[in-house]
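Every value quoted in this text rests on a predicted model; they were computed, and no experiment measured them. Indexing begins at 1, ligand by ligand and atom by atom, following the structure's order. For the single chain, residues carry numbers from 1 onward in sequence order. As a basis for the values below, the full set of heavy atoms in this structure was taken, side chains included, without hydrogen atoms, waters or symmetry mates.
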Amino acid sequence: MSEFELRVHPHRRYNPLTQEWVLVSPHRARRPWQGQVEPTPSETSLAYDPNCYLCPGNERAGGAKNPPYKSTFVFDNDFAALRPDTPAGEFRERELLLARSESGQCRVVCFSPRHDLTLARMSVEEIRAVVDTWCGESLKLGGNPDVRSVQIFENRGAMMGCSNPHPHGQIWANESVPDELAREVAAQQSYFQKHKSSLLEDYLRLELEKKERLVYANEHFVAVVPFWAVWPYETLLISRRRISSMLELQEQERDDLAQILRELTIRYDNLFKTLFPYTMGFHQRPTGQAPYPEFHLHAHFYPPLLRSATVKKFMVGYEMLAMPQRDIAPELAAAQLRELPGIHYLDAL
Ligand SMILES: [Zn+2]
Ligand SMILES: [Zn+2]
C-alpha cells in the first residue's frame with residue numbers, strides 16, 4: 001500500500017508499543033452525525049471556590065484541611081483505591097479463580113492554587129513546578145521497595161469523569177506492574193533484543209523525517225499523533241533523549257517538558273474552542289534495581305472529542321468486541337493540531 005492509499009482506503013494499523021491493531025476508515029470521516037451531542041461544559045471563572053475540596057485552606061471530605069498553598073500541593077487521596085498497609089495474600093481455585101492482594105498508594109497533585117486555571121492557561125514556570133512535583137513524587141514513591149510502578153496521570157473534564165474543575169492530577173503507585181505498562185515494557189524489550197536499538201528512539205527518528213504526524217517539537221521533546229492513534233486527536237509525547245524515567249530529566253528537559261505541555265494543551269483547547277477533555281499520563285520504567293535500557297519515557301494524551309466541543313467518540317460495539325476503529329486519518333488530525341495558533345483562545349480576546 002502507498003502512503004496515499006492509507007489516506008483513502010480502509011486498513012488496519014499496528015501499534016508496536018502494545019502490539020495491538022486499530023482499524024482506520026478514512027473514507028467515513030464525513031459521514032452524517034445523528035448521535036449524541038454532549039452539552040457544552042460550563043467554564044469556571046472563580047479563582048477561588050469555597051466549595052472546592054482542592055482549593056487552598058478548604059476542608060476536604062475526610063475532614064483534613066488544605067494548607068494555604070501557593071504553588072503545587074500533594075496529599076494522599078482521601079478515598080484511595082490502594083492502601084500501603086494491605087496484608088499480602090492470594091486466593092486460587094484451579095486455573096479459574098485467581099486473586100492477589102495489591103498494596104500501594106494514591107496521591108492527588110493540585111497543579112495550582114487557582115481554581116480557574118488549567119495546564120493550558122498556566123505559565124511555563126508554573127507548569128515546571130508541576131513537573132518538579134511529578135519528579136519528586138516519582139523518586140519518593142519509587143524508592144519504596146514495595147512499589148513497582150509509579151503511574152502519573154490527569155483526567156481532565158466532566159466528559160472524562162472528572163467532576164472537579166480545579167487543576168489536578170493523580171499518582172498511583174502499586175506493588176505490581178499494571179498491564180498496560182507491562183505490555184509496553186515487553187514490546188520495547190523484544191524490539192531492543194531484535195534491533196539493538198530502542199523502539200521509540202527509532203520511531204521518533206522516522207516521524208522527524210516524515211513530519212506529517214508532527215504536532216509540536218522543542219529541543220528536548222516531540223509531540224506526534226502516532227501512526228497507530230486510536231482516539232481522534234490522540235498524541236504521543238516523546239523525550240528526544242532516551243531516558244527511562246522522570247528521575248533522569250535534567251533542568252533543561254524539565255523546562256522543555258513544561259513548555260511542550262503548555263503548547264500541546266493550548267492547541268487542544270483551540271481546536272474546538274473549549275476546555276478540551278482528555279486523559280493523559282506518563283509511562284516510565286518499572287521501579288526497582290533492574291535497569292531498563294530499552295525503555296523510553298513518554299506520555300499519552302487520550303482525548304475523546306471527535307468533531308466539535310459536543311460530539312465525542314464512543315468506544316462501543318465493534319470496539320468493545322473486536323478492535324478499536326477510527327475515521328479521521330491520524331495525518332489529518334496532526335495537521336489540524338499543528339496549524340492551530342499557540343495563543344489560548346480565552347487569552348486572545
Ligand atoms: Zn478549587
Ligand atoms: Zn506508553
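Distance check for E180 against the Zn ion (ligand 2): none of its N/O/S atoms falls below 2.8 Å. The Zn ion (ligand 1) has no N, O or S atom of C110 inside 2.8 Å of it.
Without hydrogens or angle criteria, Q188 side chain to E184 main chain gives a donor-acceptor distance under 3.5 Å.
Between E125 and R128 there is no salt bridge, since no side-chain N of the basic residue sits under 4.0 Å from a carboxylate O of the acidic one. The pair R13-E331 meets the salt-bridge criterion, since a charged nitrogen lies less than 4.0 angstrom from a carboxylate oxygen.
Closest approach between the Zn ion (ligand 2) and any N/O/S atom of H283 involves ND1. Residue-level check: among N/O/S atoms of E184, OE1 sits closest to the Zn ion (ligand 2).
A side-chain donor-acceptor contact under 3.5 Å links S138 and Q284.
Counting non-hydrogen atoms of neighbouring residues, nucleotides and ligands closer than 6.0 angstrom, the CD atom of E102 exceeds 12 such neighbours.
Considering the Zn ion (ligand 1) as centre, the angle to ND1 of H166 and to ND1 of H115 is 110° (10° rounding).
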